[in-house]
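First up is the structure itself, then whatever we jot down about it.
Every value quoted in this text rests on a predicted model; they were computed, and no experiment measured them.
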Amino acid sequence: MSEQLGQKCLLIIDEFNRGQRENAERNEVLRLGFLAHELRNALTSASLASQLIITGKVGANGSTSRLLENAHKRMRDIIDRSLVEVRLRNESTGQYQRCRVIHLVSEVEATAWFEASGKSIEVRIEVAPELEVLIDRHLIISALSNLVQNAIKFTKKGGIVWIRGKAVGERILLEIEDQCGGLPPGDTEELFKPFSQIGTDKSGVGIGLTISRRSVSLNKGILSVRDIPHQGCVFSIDLPKASSPLPTT
């Protein structure tokens with residue numbers, strides 16, 4: 001009897017260890033996916049800015065040049081943060097600062113302009129200039145850029161994408177509304193699962209919204225979505241005001 005019990009215990013331990021290894025491997029794949037996705041977003045911004053400058057559509061010393069410089073800085077920051085993460089493993093390395101919402105939105109809109117103009121899509125901004133948030137700027141730029149890129153990607157040619165910002169109590173609400181025609185039937189939470197692609201366009205890798213929710217969550221925020229049937233959808237980022245206490249890591 002004791003021998004059988006020992007064998008059962010060994011089987012349970014083996015099963016547990018196998019599950020732990022599988023979880024570790026899955027997490028590592030996600031981490032690599034997150035890194036590649038963020039680097040690709042920054043590289044896309046740099047490439048678009050370079051193309052505009054090279055083709056002579058904009059000057060070499062204007063806002064597009066600053067956009068190119070910011071994209072390069074983002075790539076450097078991503079790499080630096082990844083090296084820190086390797087050293088510290090799962091410890092948080094958030095760098096919180098006061099940021100004007102209009103500055104964040106303007107940077108993202110400048111990056112998205114080239115892609116939007118290619119589809120004759122208008123990007124409209126409705127953000128009060130005095131709004132400030134307390135955030136890790138790199139993470140929120142990453143999340144906001146991904147949401148706006150998705151909105152442009154799924155909005156029909158000639159449509160409109162709105163980026164709105166407003167104060168709600170001690171929070172700031174950012175909304176990205178598109179004209180995708182409405183979400184497919186099913187649980188909207190499926191959108192935020194890794195490698196989930198519930199739409200007809202499978203050109204991405206399916207981790208952008210997972211990264212965005214993770215980035216917002218690390219800033220004590222909430223990322224959610226609501227459907228506008230037969231019209232589009234609205235992604236909402238709820239963040240603390242700059243006057244709120246500093247988020248704890």
Residue pair Val148 / Ile163, side-chain heavy-atom distance below 4.5 Å
yes
Report all side-chain donor-acceptor pairs from residues 118-125 shorter than 3.5 Å, counting only partners two or more places apart or in another chain.
residue	atom	partner	partner atom	Å
Lys119	NZ	Ile152	O	2.8
Lys119	NZ	Lys153	O	3.1
Lys119	NZ	Thr155	O	2.7
Glu122	OE1	Arg124	NE	3.4
Glu122	OE1	Arg124	NH2	3.3
Glu122	OE2	Arg124	NE	3.0

Can you find a pair of side-chain heavy atoms, one from Leu223 and one from Leu147, that are under 4.5 Å apart?
yes
Roughly how far apart are Asn219 CG and His138 NE2, rounded to 0.5 Å?
10.5 Å
Rounded to the nearest 0.5 Å, what separation is found between the NE2 atom of His72 and the OG atom of Ser50?
5.5 Å
According to a 4.5 Å side-chain heavy-atom criterion applied to Ile, Leu, Val, Met, Phe, Trp and Tyr, with indirect links allowed, do Ile237 and Val225 form part of one hydrophobic cluster?
yes
Flag side-chain contact, heavy atom, 4.5 Å: Pro240 against Arg171
yes
Of all the heavy-atom pairs spanning Gly221 and Leu239, show the shortest one and how long it is.
CA-CD2, 4.1 Å
Nearest-0.5 Å distance, CG of residue Leu191 to OG of residue Ser212:
11.5 Å
Under 3.5 Å, side chain of Ser145 to main-chain N/O of Ile141, donor-acceptor pair present?
yes
Drop me the distance from Glu115's CD to Thr44's OG1, to the nearest 0.5 angstrom.
8.5 Å
Derivation and outcome, side-chain contact (heavy atoms from CB on, under 4.5 Å), residues Val127 and Leu104:
CA-CA 10 Å; Val127 178; Leu104 300 173; over 6 Å; no
So CZ of Phe235 and CG of Asn150: to nearest 0.5 Å the spacing works out to 6.5 Å
Just verifying a value: how many Å separate Lys166 NZ and Ile172 CD1, rounded to the nearest 0.5 Å?
11.0 Å
Spell out, yes or no, whether Trp113 and Leu68 are grouped together once hydrophobic residues are joined by side-chain heavy atoms under 4.5 Å, including indirect joins.
yes
Taking only distance into account, with no hydrogens and no angle test, what donor-acceptor pairs under 3.5 Å do side-chain atoms of residues 177-186 form with protein atoms, sequence neighbours excluded?
residue	atom	partner	partner atom	Å
Glu177	OE1	Arg164	NH1	2.7
Glu177	OE1	Arg164	NH2	3.1
Asp178	OD1	Cys180	N	3.2
Asp178	OD1	Cys233	N	3.0
Gln179	OE1	Ile160	N	3.0

Contact check, side chains of Ile102 and Leu131, non-hydrogen atoms, under 4.5 Å:
no
Considering all heavy atoms, the nearest Tyr96-Asp136 contact
CD2-N, 3.5 Å
Shortest non-hydrogen contact from Ser236 to Leu173?
CB-CD1, 4.0 Å
Go through the steps for Val105 and Leu144 under the test side-chain contact (heavy atoms from CB on, under 4.5 Å), then give the verdict.
CA-CA 8 Å; Val105 170; Leu144 190 57; 4.1 Å; yes
List the atom of Ala167, the atom of Lys241, and the distance in Å for their closest heavy-atom pair.
CB-CE, 3.8 Å
Would you check, one step at a time, whether the test side-chain contact (heavy atoms from CB on, under 4.5 Å) holds for Arg137 with His103?
CA-CA 11 Å; Arg137 188 176 184 278; His103 293 166; 5.7 Å; no
Taking all atoms of both residues into account, what is the closest heavy-atom pair of Ile222 and Val216, and its distance?
N-CG1, 3.4 Å
So which atom in Arg100 and which in Pro129 form the shortest heavy-atom distance, rounded to 0.1 Å?
NH1-O, 2.8 Å
